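In what follows, a single structure is set out as structure tokens and then discussed.
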Amino acid sequence: MLLVKRKILQSLTIKCTLATLVTFPALGWADEVAVVNQAEVNAPIEAAVTLSETVAEAQPESSITVIHAREALQKALPAEVQLKYLSELSVIYAASEMKAQWADEKVQQQFQQQLAEIALSGIAPQFGQWAKLLSEPEITGLARDAILSDALLGYLHFVHGAYANGNRWLYNFGSYKMAAPSSVAIQQWQQAVHSGDVSAFLKGLAPQSSQYNKMHHALKSLVASAQPTEAWPQLTASKQSLRPGNSSKDVLVLKEILIRSGVMAGEETAVEDNAPLADETTTKVKKPVSLVYSPELVDAVKRFQQMYGLDADGVIGNSTRDALNMAPQIRAAVLALNIQRLRLLPATLDHGIFVNIPDYSLAYYVDGKLILESKVIVGSTRRKTPLMSSALNNVVVNPPWNVPVKLIREDLVPKAKRDSEYLKRQGYTVYSGWGRDAEVVDPSTIDWSEGGNYRLQQAPGRGNALGRFKFNMPNNDAIYLHDTPNHRLFDKSMRALSSGCVRVNKASELANMLLNEAGWDDNKIQGTLKRGNTTYAPIREKIPVQLYYMTAWVSAEGNPEFRSDIYGYDRAAKEGIKELPQVEKLLR
């Protein structure tokens, strides 16, 4: 035991390279060093080899030990501040002989902008703590340099794990647990420092989506507008919609919200005709206050509704009222959270089928060209459509519907109990089980209160729940795109109505495109539909499909747009609002 400890201490007091130092960052220097498994010792040594070579090229040896670097870092910081990655940073600063890692102020600002974005997103409070420290002017010199480095290591861990884990980290508040970044990530940073390419390195850490720059600039504007001290005005809750021409005490509040939201110009105080020029003894005559929901206000509300993907009808119901009551602080945090969600999408949406769940929209791109847009219906809050990436592999014409067990139990069995003929009228065939040898059972003879492992299948036809087309894509959740016999539901603005699968309003147009590419002409498509037999048409080239969830972005016209958080995935943003004061300073 003593021999092991002595050898470790000796390796720290001689001139050392980063390889020697990275080997032991996790060991407590004040604690007794335990004997460890040889394989556990070899692993960090091997991981550090390439990193040590990178640093050694620039600085072959360092006369500063890890212990000395650790002490210097701690001494530079305010007493109440602790570095999260002190062990790793002690190694890095020792190897560089305590040289600044952030000598370029422009590079500092570049990183602070990205740090501000992730702090405001609310993903982890630690990002906000770093933002707060960096917004304090008294934090200077080595202390500031160390905090920037500390924050970067935390950011590296998130960035390098976001693509693989983002569906959990960015949609399940509290699921992200910060840890140390990989040695490879640290190595890449150190290579950039020694080569003077930190700016390019940081640019590579930002989301690579074509939306990023537009969303970043929109965020800065939102954060600036979110700083006024007065509270955001609120419309009162009401069971009655406010319609054009109505009178309401809410009109004054509505006007203020529309002006502060930037969709309506403010009014100057009017002066009575022929009034003398104002001096110390004259006063301006104010127009009578109107409580009428006027055409001017209606037009502004329609513009606001378009920002939120609502029906632009000028009627203020619950959805529009909720959107109007959303303060800019919340909008800024939601936009910051969605900036991080860009990491899960391709840099450009140029090939494949993309469904934005809270926007209830589908877009089909081929070689960079948008060839189809369609409204969709997605899963309800009880049966959410999952986020996923897959690929269409076939189109089913005249599909039957094998009803999922959960739907049989929760939806169909209660109806069959009340009406013994319901299943027959709806075209369902009941089988005694799920095996190939299962027999057809007369549903009117079944006592549903006794349960049973019955399989239900709805025959193809216009009344089939899947409509005339189904679009299959491999996944573990049995999710697919399909047609529907009830197209009236697409007229609703809130379309979280399905059992998880995605109903496509323009399913026929999508099917015709795909079937034509598969070699079907229009006569074959129409003939197959008329015959009513189920037919599978393989797709020659699998088409990528992405089901994603973005509640904020920037339109082609440069305007921020927001959508209702139908599944409650934006909870992190409410935590991120706490970081707004320091974020505003870092975004300047």
Side-chain angles (χ1 to χ4, degrees), residues 77-78 81 100-156 158-159 198-209 211-232 260-262 326-340 342-343 552-554 558-560 562 572-588:
L77 294 165
V81 176
Q101 306 294 304
W102 300 88
D104 189 331
E105 290 187 5
K106 290 183 178 180
V107 169
Q108 289 185 35
Q109 180 64 13
Q110 183 182 357
F111 174 56
Q112 286 174 176
Q113 300 254 326
Q114 292 188 42
L115 180 64
E117 291 169 348
I118 196 167
L120 187 56
S121 74
I123 292 170
Q126 180 63 54
F127 291 118
Q129 293 173 27
W130 282 316
K132 183 176 186 301
L133 289 170
L134 292 171
S135 66
E136 296 176 356
E138 60 270 23
I139 302 290
T140 60
L142 178 58
R144 184 174 189 81
D145 200 85
I147 292 169
L148 282 163
S149 298
D150 202 39
L152 178 67
L153 293 189
Y155 188 55
L156 286 175
F158 172 79
V159 170
V198 179
S199 181
F201 172 74
L202 292 175
K203 187 176 181 180
L205 297 181
Q208 299 302 297
S209 168
Q211 265 276 319
Y212 173 66
N213 285 334
K214 293 189 291 186
M215 290 176 71
H216 174 76
H217 290 301
L219 179 66
K220 294 178 74 170
S221 297
L222 270 176
V223 168
S225 67
Q227 293 307 307
T229 55
E230 64 267 24
W232 187 253
R260 291 177 63 177
S261 295
M326 182 183 288
Q329 292 90 337
I330 299 176
R331 295 180 200 170
V334 168
L335 187 60
L337 178 58
N338 281 276
I339 283 176
Q340 301 308 320
L342 290 174
R343 300 180 186 279
W553 62 90
V554 175
N559 301 316
F562 299 87
K574 295 179 181 179
E575 294 297 316
I577 294 173
K578 301 173 184 177
E579 315 302 342
L580 199 60
Q582 48 263 29
V583 162
E584 191 272 337
K585 295 176 183 178
L586 296 187
L587 283 175
R588 289 175 185 169

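Count residues from 1 along the sequence. This structure is a prediction, so every number in the text was calculated from the model and none was measured.
Looking at R331 and S225, their side chains never come closer than 4.5 Å, going by heavy atoms from C-beta outward. At a threshold of 4.5 Å between non-hydrogen side-chain atoms, the residues W102 and V107 count as touching.
Screening residues 100-126 for salt bridge (Lys or Arg N to Asp or Glu O under 4.0 Å), with sequence neighbours left out, gives no hits. Each ring-ring contact (aromatic ring centres under 6.0 Å, His included) pair with one or both residues in residues 115-143, not counting sequence neighbours, appears once here: F127-W130. Residue pairs satisfying the salt bridge (Lys or Arg N to Asp or Glu O under 4.0 Å) criterion with at least one member in residues 124-143, sequence neighbours excluded, are listed as follows: K132-E136. Sorted by first then second residue, the ring-ring contact (aromatic ring centres under 6.0 Å, His included) pairs that include residues 133-155, not counting sequence neighbours, are F111-Y155.
With sequence neighbours left out, the ring pair (Phe, Tyr, Trp, His ring centres under 6.0 Å) criterion links F158 to W169, Y176. Among residues two or more places apart in sequence or in another chain, the side-chain hydrogen bond (donor to acceptor under 3.5 Å, both in side chains) test is passed with E579 by Q582. Among residues two or more places apart in sequence or in another chain, the side-chain hydrogen bond (donor to acceptor under 3.5 Å, both in side chains) test is passed with Q126 by none. Judged as a side-chain hydrogen bond (donor to acceptor under 3.5 Å, both in side chains), and not counting sequence neighbours, W232 has no contacts. Considering only residues two or more places apart in sequence or on other chains, N213 meets the side-chain contact (heavy atoms from CB on, under 4.5 Å) condition with none of them. By the side-chain contact (heavy atoms from CB on, under 4.5 Å) test, S209 pairs with Q211, L342, sequence neighbours left out. Residues passing the side-chain hydrogen bond (donor to acceptor under 3.5 Å, both in side chains) test with K214: none are found, sequence neighbours excluded.
Not one N or O on the side chain of D150 forms a donor-acceptor pair closer than 3.5 Å with the backbone of A146. Proximity of a side-chain donor or acceptor of E575 to a complementary backbone N or O of S121 within less than 3.5 Å is not detected. For the pair Q329 (side chain) and I577 (backbone), a donor-acceptor distance under 3.5 Å is absent.
Looking at every heavy atom in both residues, L134 comes nearest to R144 through O-NH1, 3.0 Å. Taking all atoms of both residues into account, the shortest heavy-atom contact from L580 to A226 is CD2-CB, 3.8 Å. When all heavy atoms are compared, the tightest approach of I139 to P78 is CD1-CG, 3.6 Å. Closest approach of D145 and Q101 over heavy atoms only: OD2-N, 2.9 Å. Nearest heavy-atom pair across R343 and L205 is NH1-O, 2.7 Å. Between K578 and P581, the shortest heavy-atom contact is O-CD, 3.6 Å.
A distance of 10.0 Å separates CG in L337 from CD1 in I118, rounded to the nearest 0.5 Å. Atoms CG and CD, from L586 and Q114 in turn, are 12.5 Å apart once rounded to the nearest 0.5 Å. A distance of 12.0 Å separates CZ in R588 from CD in Q112, rounded to the nearest 0.5 Å. Atom CG of L120 is separated from atom CD of Q340 by 10.0 Å, given to the nearest 0.5 angstrom. To the nearest 0.5 angstrom, H216 atom NE2 is 7.5 Å from I339 atom CD1. Between L142 atom CG and I147 atom CD1 the span is 9.5 Å, to the nearest 0.5 Å.
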N/O donor-acceptor pairs under 3.5 Å from side chains in residues 217-224, not counting sequence neighbours:
{"from": "K220", "atom 1": "NZ", "to": "L587", "atom 2": "O", "distance (Å)": "3.4"}
{"from": "S221", "atom 1": "OG", "to": "H217", "atom 2": "O", "distance (Å)": "3.4"}

Inset, instruction - Could you give me the CA-CA distance, side-chain angles and deciding distance for L152 and L156, then say whether side chain to side chain contact (heavy atoms under 4.5 Å, CB included) is met? - result: CA-CA 6 Å; L152 178 67; L156 286 175; 4.2 Å; yes

